[in-house]
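First up is the structure itself, then whatever we jot down about it.
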Amino acid sequence: MTKSELRKEMKASLAGLDPVGKAFESMSKCSAIIQSEIFQKCSCIFGFMPMKDEVDVLPVLRNGLGQGKKILIPKIIEGTNDMEFYFLTGEPNSQVEVNNWGIAEPKSDLRKCNLGELLSEVKADEILVLVPGLAFGKDNTRLGRGKGFYDKFLSELKKKTAALGKSKPWICGICYNAQVVDTVPVEDNDIKVDVVL
């Protein structure tokens, strides 16, 4: 199956999921993250504002903020396939605005993350990255939406931590159970996650 075929199949599958079931599964997965050793140990979380077909990770972000962890969410750099992360300082829903594609992004008056500076302050193995996707393989492969935003960011994060001789961050794919398949078609620039929840 090609990437485009799998994307089409996953979008149809997600559209057919029961909203109540999705909400219950989101709560269950957030609870598992919050109770995990990785979450307890981490001091910095790269999260995201969920789209309607993604697991709602807001409870994780709120819990992290309540514990004084650094919480960041992405913003697409217009006209590119790159994104920048911004630090949240309070309730996520009050610190975002909706872009032209209907995606909630951090307001521009929030502090932008300089990855080099952050890595000088935080140990890499205290960083948790929550990664959305359309499909994840049981072998930790990931299929995104086709623009390469996360592959580029994760590649940069891994290169910078390796260059600093630091331990690696925890990269966690988060999705509904219906999005997990045996494996997804990959290319050389596709980045695997460490675990899928």
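When all heavy atoms of Thr80 and Ile77 are compared, the pair lying nearest together is OG1-O, 2.7 Å. The minimum heavy-atom distance between Pro92 and Val96, with the atom names listed, is O-CG1, 3.4 Å. When every heavy atom of Val122 is checked against every heavy atom of Lys70, the shortest pair comes out as CG2-CE, 3.8 Å. A pairwise comparison of heavy atoms in Glu54 and Pro50 identifies OE1-CA, 3.6 Å as the closest pair. Counting all heavy atoms, side chain and backbone alike, Gly47 lies closest to Tyr150 at O-OH, 4.0 Å. Nearest heavy atoms, Ile34 versus Pro59: CD1-O, 3.9 Å.
Taking the side-chain hydrogen bond (donor to acceptor under 3.5 Å, both in side chains) definition, one finds that Ser28 meets it with nothing, sequence neighbours left out. For Asp56, there are no side-chain hydrogen bond (donor to acceptor under 3.5 Å, both in side chains) partners at least two apart in sequence or on another chain. The side-chain hydrogen bond (donor to acceptor under 3.5 Å, both in side chains) test applied to Asn99 returns Glu105, not counting sequence neighbours. For Lys3, the side chain to side chain contact (heavy atoms under 4.5 Å, CB included) partners are Arg7, Leu143, Pro185, Glu187, Asp190, not counting sequence neighbours.
One finds no salt bridge joining Asp53 and Lys22 here, because no Lys/Arg side-chain nitrogen approaches an Asp/Glu carboxylate oxygen to under 4.0 Å. Using a cutoff of 4.0 Å between basic side-chain nitrogens and carboxylate oxygens, Glu84 and Lys112 are scored as salt-bridged.
Cluster membership for Met27 and Val57, using ILVMFWY side-chain heavy atoms within less than 4.5 angstrom, is not shared.
Contact check for Val181 versus Phe136: no side-chain heavy atoms found under the 4.5 Å cut-off. Using a 4.5 Å heavy-atom threshold, the side chains of Leu164 and Thr161 count as separate. Inter-residue side-chain proximity for Lys168 and Asp125 is flagged as unmet; no heavy-atom pair is nearer than 4.5 Å. Under the 4.5 Å side-chain criterion, counting only non-hydrogen atoms from C-beta, Cys44 is not in contact with Glu126. The side-chain heavy atoms of Leu88 and Leu72, taken from C-beta on, include no pair separated by under 4.5 Å. In this structure, Cys175 and Val180 have side chains that are in contact, with non-hydrogen atoms separated by less than 4.5 Å. At least one side-chain heavy atom of Lys11 sits under 4.5 Å from a side-chain heavy atom of Leu134. Contact annotation: the side chain of Ile33 approaches that of Leu128 to within less than 4.5 Å [non-hydrogen atoms, C-beta and beyond].
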Take Val60 and Leu130 through the side chain to side chain contact (heavy atoms under 4.5 Å, CB included) test and state the conclusion after the steps. CA-CA 10 Å; Val60 176; Leu130 301 178; 4.0 Å; yes
Candidate pair Ile103 and Lys75, rule side chain to side chain contact (heavy atoms under 4.5 Å, CB included), full reasoning: CA-CA 9 Å; Ile103 300 169; Lys75 181 173 191 168; over 6 Å; no
The test is side chain to side chain contact (heavy atoms under 4.5 Å, CB included); show your working for Cys172 and Val131 and say whether it passes. CA-CA 6 Å; Cys172 174; Val131 183; over 6 Å; no
Audit row: Glu25, Asn177, side chain to side chain contact (heavy atoms under 4.5 Å, CB included) steps and yes/no: CA-CA 8 Å; Glu25 201 173 331; Asn177 294 339; 3.1 Å; yes
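If you check the side chains of Ser36 and Gln40, you find no donor sitting under 3.5 Å from an acceptor. If you check the side chains of Gln179 and Ser13, you find no donor sitting under 3.5 Å from an acceptor.
Cation-pi geometry between Lys107 and Tyr86 is not met at under 6.0 angstrom from the ring centre and within 45 degrees of the axis.
Sorted by first and then second residue, the ring-ring contact (aromatic ring centres under 6.0 Å, His included) pairs involving residues 15-52 (not counting sequence neighbours) are Phe46-Phe85, Phe46-Phe153. Legend: ring-ring contact (aromatic ring centres under 6.0 Å, His included) pairs involving residues 108-133, not counting sequence neighbours: none detected.
Judged purely by atom type and a 3.5 angstrom limit, Asn140 uses its side chain to pair as donor or acceptor with the backbone of Asp194. Formation of a donor-acceptor pair under 3.5 Å by the Arg142 side chain with backbone atoms of Val184 is not found in this model.
The CE atom of Met49 lies 9.5 Å from the CD atom of Gln95; values are rounded to the nearest 0.5 Å. Taking CG of Leu119 as the start and CG of Leu115 as the end, the distance is 4.5 Å to the nearest 0.5 Å. The distance from atom CG of Asp82 to atom CD of Glu156, rounded to the nearest 0.5 Å, is 8.5 Å. Rounded to the nearest 0.5 Å, atoms OG (Ser43) and CD (Glu121) are 10.0 Å apart. Here CE of Met51 is found 10.5 Å from CG of Leu14. Values are rounded to the nearest 0.5 Å. For the atom pair NZ of Lys69 and NZ of Lys41, the computed distance is 11.5 Å after rounding to the nearest 0.5 Å.
For Glu37, the CD atom sits in a loose shell: 12 or fewer heavy atoms of surrounding residues, nucleotides or ligands are nearer than 6.0 Å. Around atom CZ of Arg145, more than 12 heavy atoms belonging to other residues, nucleotides or ligands sit under 6.0 Å away. Residue Glu78 qualifies as open at atom CD: its count of foreign heavy atoms under 6.0 Å is 12 or below.
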